[in-house]
Amino acid sequence: MHNFKKKQDIAEALFSKGRGQKKLFDRARRTRNEVFSNKVEVRSVIEYSNICRQACNYCGMSRESGLKRYIMSDDETTDSIKRLYGYGRRVLIIQSGEFHSEHLFENLLTLIKRMKENFPGLTIMGSFGNLSLPEYKIVKEAGVERYLLKFETSDSKLYKKVKPSDSLFNRLRHLEILKKTGFKVSSGNITGLPGQSVESLAEDLLLLKRLRLFMGSTSAFIPNDMSNYANWPSADINLVLNFMAILRILCPTILIPATSSLELLVKDGQYLGLMSGANVVTLHDGTPKNDEKNFVLYKKDRYKPKDVLLEIVARAGLKHSFDPLI
Ligand code: 5AD
């Protein structure tokens, strides 16, 4: 059995098909179930704003896209948190494009602080892009305990190509700062980026292991109509699922989401993600309906209703938990 210490072994396993692939998925599921006893963390996301100062070629919310921009009002945000808490959710992701504004740092964080006091047992994961050290500290002090910042690719040349407004060096520096600030840090890549090799994906996996995260993820590249990569082909589903399974084997104790990008690739993609070792799904029920259509990471209509996602979890033989697993 592979121990995936060598890059070459990982690259080979990324090509798994047929019986080899079935074995890989079995092992990934066993590894997950031993650690998490069949539990899947189900959380909700609030897409707070789509304003962004980055210019990622794969993303529909790039500063160069002609998208209509929004910021959720304080009332909308408060109502959303209250509603989700009422549904029993105890983990919320609050996500936005990357931007600096007083609004974000005063209104949103004050509001989060108040919500954390009023609603016991709430865990918040922030995803606001690269901020400054003082800004990270303020976010942490407001009661945000988790932070999501993806490195997207471990190949510095590819990084510059797909995300010209940033560098891999800078992104990794931010991940270190986030750890030092005391966040539970989550990161990951995109599988299937234009110009990405299988060796480079193997490096992404080794980097995910080295980073010692509490959550690691991959999203499947989806050509977004609003982005500069609108005409490139989508990721290969088998490559994405193999990536997830190897990640589970390399890092048994981390959270791994079955992202909505899988569902855009193939019908039942998120179910297949759970069958390859994932243990998290995200419900898209925190964003007001009229803003939803403007939060376009991959594509419009990436939202699956709550009941369908919970049914998928049950069908995979797993039990959903609205409480944090870690
Ligand atoms: N395909 C796949 N993943 C994408 N992301 C953004 N756009 C795309 C796309 N077209 C992912 C990036 C980003 C996260 C919020 O969404 O990894 O960090």
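All heavy atoms count here, side chains included; hydrogens, waters and symmetry mates do not. For ligands, and for the atoms within them, numbers begin at 1 and follow the listed sequence.
- No side-chain heavy atom of Ser62 sits less than 4.5 Å from a side-chain heavy atom of Gln54.
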Stepwise, does the salt bridge (Lys or Arg N to Asp or Glu O under 4.0 Å) test hold for Glu203 with Lys7? CA-CA 7 Å; Glu203 282 293 349; Lys7 191 168 126 184; 3.2 Å; yes

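- Ionic pairing of Glu176 and Lys179 is present here: one or more N-O contacts between side-chain nitrogen and carboxylate oxygen are shorter than 4.0 angstrom.
- Protein neighbours of ligand 1 below 4.0 Å, counting non-hydrogen atoms: Tyr58, Cys59, Gln95, Lys150, Glu152, Ile190, Ser219, Ala220, Phe221, Ile222, Leu297, Tyr298.
- Annotation: the span from Glu98 atom CD to Leu131 atom CG amounts to 6.5 Å, rounded to 0.5 Å.
- Under the 30°/60° scheme for interplanar angles, the aromatic rings of Phe119 and Tyr85 are found to be tilted.
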Asp79/Lys82 under salt bridge (Lys or Arg N to Asp or Glu O under 4.0 Å): CA gap, chis, key distance, verdict: CA-CA 5 Å; Asp79 288 351; Lys82 278 189 187 155; 5.1 Å; no

